[in-house]
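Here's the structure, in structure tokens; my notes come after.
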Amino acid sequence: MQETLLSRAERSVPRLSAALNDYYQLTKPRIQVLLLITTAGAMWIAGKGHVEPLLLLVTLLGGTLAASSANAFNCLIDRDIDLLMERTRRRAIPAGRILPWQAALFATALAVASFAVLASFANLFAALLAISGIGFYVVIYTLWLKRTTTQNIVIGGAAGAIPPLVGWAAVTGDLDWSAWVLFGIIFLWTPPHFWALAMMIREDYRKAGVPMLPVVAGDEATARQIFIYTLVLVPVTLVLYPLGTMGWIYLLAAGALGLWLTHGAFRLLKAPNDRKESRSLFKRSIFYLMLLFVAMGIDSIFLFA
Ligand code: HEM
Ligand SMILES: CC(C)=CCC/C(C)=C/CC/C(C)=C/COP(=O)(O)OP(=O)(O)O
């Protein structure tokens, strides 16, 4: 009897950890690291190199809960198209391991937790910004634009640019020009980031009937758009220097990183059908944004020392 109970308990441990992992994956954890870096970078600059460790911690926690909620709602709403795409068909909802009502409850609980954490330990403005980020990503991007227009991620990309606003507001209770430049950087970065990926997996989106730009307009037109957005993005990153928000260390880093990203976008422009080039630009876009925000952090240490 005791043995049966024991073996039953032994069997339930892996099942519980598999279920927990399914819920964890619903939050798209791999994307969160970069969202955390952009939030922390904004807080560091807003605090002129000095941020209360506890405020940093609770803001990153509240921001992660908000992004997790947004991603879980996205997985819930997109379960039909996720089932049709190779990249996403093994996700827990389309694969039937999490039921839609369970995902809805999970996503709602995360949103409530995010609001409670940010409103209690940061401020109401930061909490409201995070909630509006969830609303924008879920309603404007996922429910409306994603399935209806090739400009889906251009407008929807504004949601991904909200985390630095949350970080800035948590520190100052307000948003100034520099905060909006950070927003603009991520807003303009999103099309090169995402369209490079969409070029790699264009057939998946075609199968699912999602009107991503490479599906509708083709590789050449998409590579051209990526190049244009990159050319606009780089000068916007440099604006933080004349604004006095960042110093020369950042200026040099942003210039060098900008050339590196532009070079990647140019190579794709020359070979728009080459999947190696789109894959390389997608990876480059992620390192680019990560290193840009790391450079902001390093510069603030010297600038505000
Ligand atoms: C509307 C805007 C965006 C769209 C449509 C988008 C789309 C995607 C997609 C479809 C993937 C592949 C994910 C997978 O294979 O599961 C991806 C990867 C990624 N995205 Fe985005 N993204 C957007 C904005 C952002 C933002 C704002 C960030 C962070 C600041 C971000 C960070 C990342 C990272 C780090 C990865 C790589 C994950 C990995 O290691 O596989 N994305 N993105
Ligand atoms: C403050 C706050 C809560 C902001 C929200 C930030 C956020 C969740 C950004 C995520 C952007 C993203 C990964 C989009 C992919 O969606 P997709 O549906 O195209 O990707 P998929 O095909 O992998 O599901």
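Read the numbers this way: they start at 1 and go in the same order the structure lists the ligands and their atoms.
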Which of the atoms in ligand 1, numbered in the order shown and given with their element, are less than 4.0 Å from a heavy-atom of [X]?
X	result
Thr190	1 (C), 2 (C), 3 (C)
Phe194	4 (C), 5 (C), 6 (C), 7 (C), 8 (C), 10 (C)
Phe282	18 (C)
Gly160	27 (C)
Tyr141	5 (C)
Leu197	9 (C), 10 (C), 11 (C), 12 (C)
Ile153	5 (C)

Tell me, which protein residue and heavy-atom name are nearest [atom], and how many Å apart are they?
atom	result
atom 22 (O) of ligand 2	Arg87 NH2, 2.7 Å
atom 7 (C) of ligand 2	Leu35 CD1, 4.2 Å
atom 20 (O) of ligand 2	Lys28 NZ, 3.5 Å
atom 30 (C) of ligand 1	Leu34 CG, 3.6 Å
atom 18 (O) of ligand 2	Lys146 NZ, 2.7 Å
atom 43 (N) of ligand 1	His193 NE2, 3.1 Å
atom 13 (C) of ligand 2	Ile31 CD1, 3.3 Å
atom 11 (C) of ligand 2	Tyr137 CE1, 4.0 Å
atom 26 (C) of ligand 1	Trp189 CZ3, 3.5 Å
atom 8 (C) of ligand 2	Asn71 OD1, 3.4 Å
atom 1 (C) of ligand 1	Gly157 CA, 3.6 Å
atom 5 (C) of ligand 2	Ala159 O, 3.9 Å

*Is there a nitrogen or oxygen of Thr88 sitting under 3.5 Å from a nitrogen or oxygen of ligand 2?*
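No; the residue has no nitrogen or oxygen that sits under 3.5 Å from a nitrogen or oxygen of the ligand.
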*Between Pro164, Ser178, Ser300, which is the residue that forms a side chain to side chain contact (heavy atoms under 4.5 Å, CB included) with Ile45?*
Ser300
*For ligand 2, is Tyr141 a contact, meaning one of its heavy atoms is under 4.0 Å away?*
yes
_Close approach, Arg91 and ligand 1, non-hydrogen under 4.0 angstrom_ = yes
_Pick from Gln32, Arg30, Arg87: the one approaching atom 13 (C) of ligand 1 most closely through a non-hydrogen atom_ = Arg87
*With side chains defined as the heavy atoms from C-beta onward, is the minimum distance between Thr190 and Val154 less than 4.5 Å?*
no
*Is Arg91 touching ligand 2 with its side chain, its backbone, both, or neither, if touching means heavy atoms under 4.0 Å apart?*
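Under 4.0 Å from ligand 2, Arg91 contributes side-chain atoms alone.
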